[in-house]
2 protein chains.
Amino acid sequence: MSAPPELPHPPADSLSLSQVLFALSDPARREIARNLREGPLEAAACSAVAADVPKSTKSHILKVLRESGVIRNEPNPNGRGRLLTLRRDDLEARFPGLIDPILDADLRES
Amino acid sequence: MSAPPELPHPPADSLSLSQVLFALSDPARREIARNLREGPLEAAACSAVAADVPKSTKSHILKVLRESGVIRNEPNPNGRGRLLTLRRDDLEARFPGLIDPILDADLRES
DNA sequence: CCGATGGTTCAAGTATTATCGAACCATGAG
DNA sequence: CTCATGGTTCGATAATACTTGAACCATCGG
């Protein structure tokens with residue numbers, strides 16, 4: 001699927017609010033997070049975001065989201081490619097009530 | 001008190017989520033916002049933030065918060081200095097449920 | 001084994017932010 | 001009027017972040 005099967009993820013109890021807010025301060029990154037609300041997606045599939053953006057760029061976007069703890073990026077157990085998951089529970093545990101208002105807000109942006 | 005008595009503020013209905021999240025992705029900026037939760041403060045007073053930071057730096061921090069629509073920065077009607085206000089209602093109207101979880105989160109940061 | 005597919009990492013260039021001194025501004029006190 | 005106080009703006013430099021091509025990696029299909 002991709003390079004190192006296992007990529008590093010910050011533990012649930014050490015997520016940084018600054019990092020999370022920064023990660024979500026970008027529309028493209030928020031869009032990915034929003035795509036994952038209804039459940040995990042294959043990385044290749046979730047590209048609601050720009051088909052025209054180079055893969056290295058997309059990979060970087062995912063990296064920021066992963067390193068901030070917003071998403072999980074792991075090898076797809078059954079199937080090819082990688083599986084992206086919103087770390088909803090971890091975020092909710094550490095920053096209660098934070099994630100939903102953020103993702104909801106975009107839905108009705110003027 | 002300071003330069004132009006009236007500084008520009010974004011209208012309540014055009015606040016940008018990206019700008020707000022970005023502004024609040026910095027601990028120092030969040031701290032200021034938190035200081036304003038219980039009501040407006042004189043700029044000079046609210047320096048819970050570093051007394052050692054140069055005033056131009058502090059002014060810049062306030063600028064980011066102001067331009068994102070998080071705070072209002074206006075001449076103090078009765079008294080000297082400038083008055084800082086958290087634009088709670090405006091934020092709440094545009095991004096319901098967003099601001100409180102963010103400011104609450106810092107209170108129990110590990 | 002081989003190629004195609006999907007994905008990461010590296011490096012380099014560009015762009016955006018942060019920091020802070022210095023100059024400037026406005027007001028209140030004397 | 002003048003000075004001290006509190007604050008903004010400007011300009012330069014440093015630090016971060018973004019973007020992208022190229023190289024590399026892993027897995028699946030055939």
Side-chain angles (χ1 to χ4, degrees), chain A residues 1-9 16 18-32 40-68 70-85, chain B residues 1-9 16 18-32 40-68 70-85:
Chain A
M1 295 67 184
S2 72
E6 301 297 347
L7 259 30
H9 292 80
S16 144
S18 294
Q19 281 182 213
V20 169
L21 293 181
F22 181 82
L24 294 175
S25 73
D26 180 65
R29 290 190 296 244
R30 272 202 308 278
E31 184 171 350
I32 298 207
L41 282 181
E42 279 188 41
C46 99
S47 56
V49 197
D52 57 330
V53 47
K55 51 184 185 171
S56 59
T57 302
K58 186 174 175 183
S59 193
H60 178 253
I61 292 179
L62 294 179
K63 184 181 188 182
V64 174
L65 286 167
R66 172 176 53 83
E67 290 182 335
S68 69
V70 173
I71 69 170
R72 189 161 294 143
N73 179 353
E74 49 202 352
N76 191 340
N78 48 335
R80 59 288 197 204
R82 308 202 115 239
L83 206 62
L84 304 182
T85 320
Chain B
M1 293 67 190
S2 73
E6 302 296 347
L7 260 30
H9 292 80
S16 144
S18 294
Q19 281 182 217
V20 169
L21 292 181
F22 179 81
L24 294 174
S25 74
D26 179 66
R29 290 189 297 243
R30 271 202 308 279
E31 184 172 349
I32 298 208
L41 281 181
E42 279 188 43
C46 99
S47 56
V49 197
D52 57 331
V53 48
K55 51 184 186 171
S56 60
T57 302
K58 185 174 176 183
S59 192
H60 178 251
I61 292 178
L62 294 179
K63 185 182 188 181
V64 173
L65 286 168
R66 173 176 52 85
E67 291 182 336
S68 69
V70 173
I71 69 170
R72 202 177 311 268
N73 179 353
E74 50 202 350
N76 192 340
N78 47 335
R80 59 280 195 210
R82 304 192 62 91
L83 205 62
L84 304 181
T85 319

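Chain letters run A, B, ... following the sequence lines, proteins first and then strands; every chain starts at 1. A quick note: this is a predicted structure, and the numbers were derived from the prediction, not measured.
Separating the CG atom of L65(A) from the P atom of dA17(D) is a distance of 14 Å, rounded to the nearest angstrom. Atom pair R66(A):CZ and dT8(C):C1' shows a separation of 9 Å (rounding to whole Å applied). Note: CG (N76(A)) to P (dT5(C)) measures 19 Å, nearest angstrom. Summarising the geometry, the separation between CD1 on I32(A) and C1' on dG7(C) is reported as 13 Å, rounded to the nearest angstrom. Whole-Å rounding puts the R82(B) CZ to dG7(D) P distance at 9 Å. Here the C1' atom of nucleotide dG7(C) and the CG atom of L62(A) are 9 Å apart, to the nearest Å. Taking atom CD on E42(B) and atom P on dG7(D), their separation rounds to 7 Å, with Å as the unit. Between the CG atom of L7(B) and the C1' atom of dG7(D) there is a distance of 10 Å, rounded to whole Å.
Here the side chains of T85(B) and E74(B) are in contact, with some heavy-atom distance below 4.5 Å. Looking only at side-chain heavy atoms (C-beta outward), R82(B) and L62(B) stay at 4.5 Å or farther from each other. Looking at heavy atoms from C-beta onward, R29(B) lies out of side-chain contact with V70(B) at the 4.5 angstrom threshold. Counting only heavy atoms from C-beta outward, the side chains of E67(B) and P8(B) never approach each other to under 4.5 Å.
Contacts of R72(A) classified as side chain to side chain donor-acceptor pair (under 3.5 Å), with partners at least two apart in sequence or in another chain: D90(A). Residues forming a side chain to side chain donor-acceptor pair (under 3.5 Å) with D26(B) (at least two apart in sequence, or on another chain): none. Looking at residues two or more places apart in sequence or on another chain, you find no side chain to side chain donor-acceptor pair (under 3.5 Å) involving S25(B).
The side chain of N73(A) places no N or O atom within less than 4.0 Å of a non-bridging phosphate oxygen (OP1 or OP2) of dG7(C). Put simply, T57(A) has a side-chain N or O that comes within less than 4.0 Å of OP1 or OP2 on dT20(D).
Axis orientation changes by 30° from one end of the helix from dC1(C)-dG30(D) to dG30(C)-dC1(D) to the other, with each end axis drawn from 5 pairs and the value rounded to 10°.
Across all their heavy atoms, L65(B) and L24(B) have their closest contact at CD2-CD2, 4.4 Å. Looking at every heavy atom in both residues, P77(A) comes nearest to L83(A) through CD-CD2, 4.2 Å. Of all non-hydrogen atoms in A43(A) and K58(A), the two that sit nearest each other are O-NZ, 3.0 Å. What you find for H9(A) and I71(A) is that their closest heavy atoms are CD2-O, 3.8 Å.
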Tabulated below should be each protein N or O lying under 3.5 Å from an N or O of nucleotides 15-18 of chain C; please produce it.
| unit_1 | atom_1 | unit_2 | atom_2 | d |
| --- | --- | --- | --- | --- |
| dA18(C) | OP1 | R29(B) | NH1 | 2.8 |
| dA18(C) | OP1 | R29(B) | NH2 | 3.4 |

Mind listing the N/O atom pairs, protein and nucleotides 10-13 of chain D, below 3.5 Å?
none

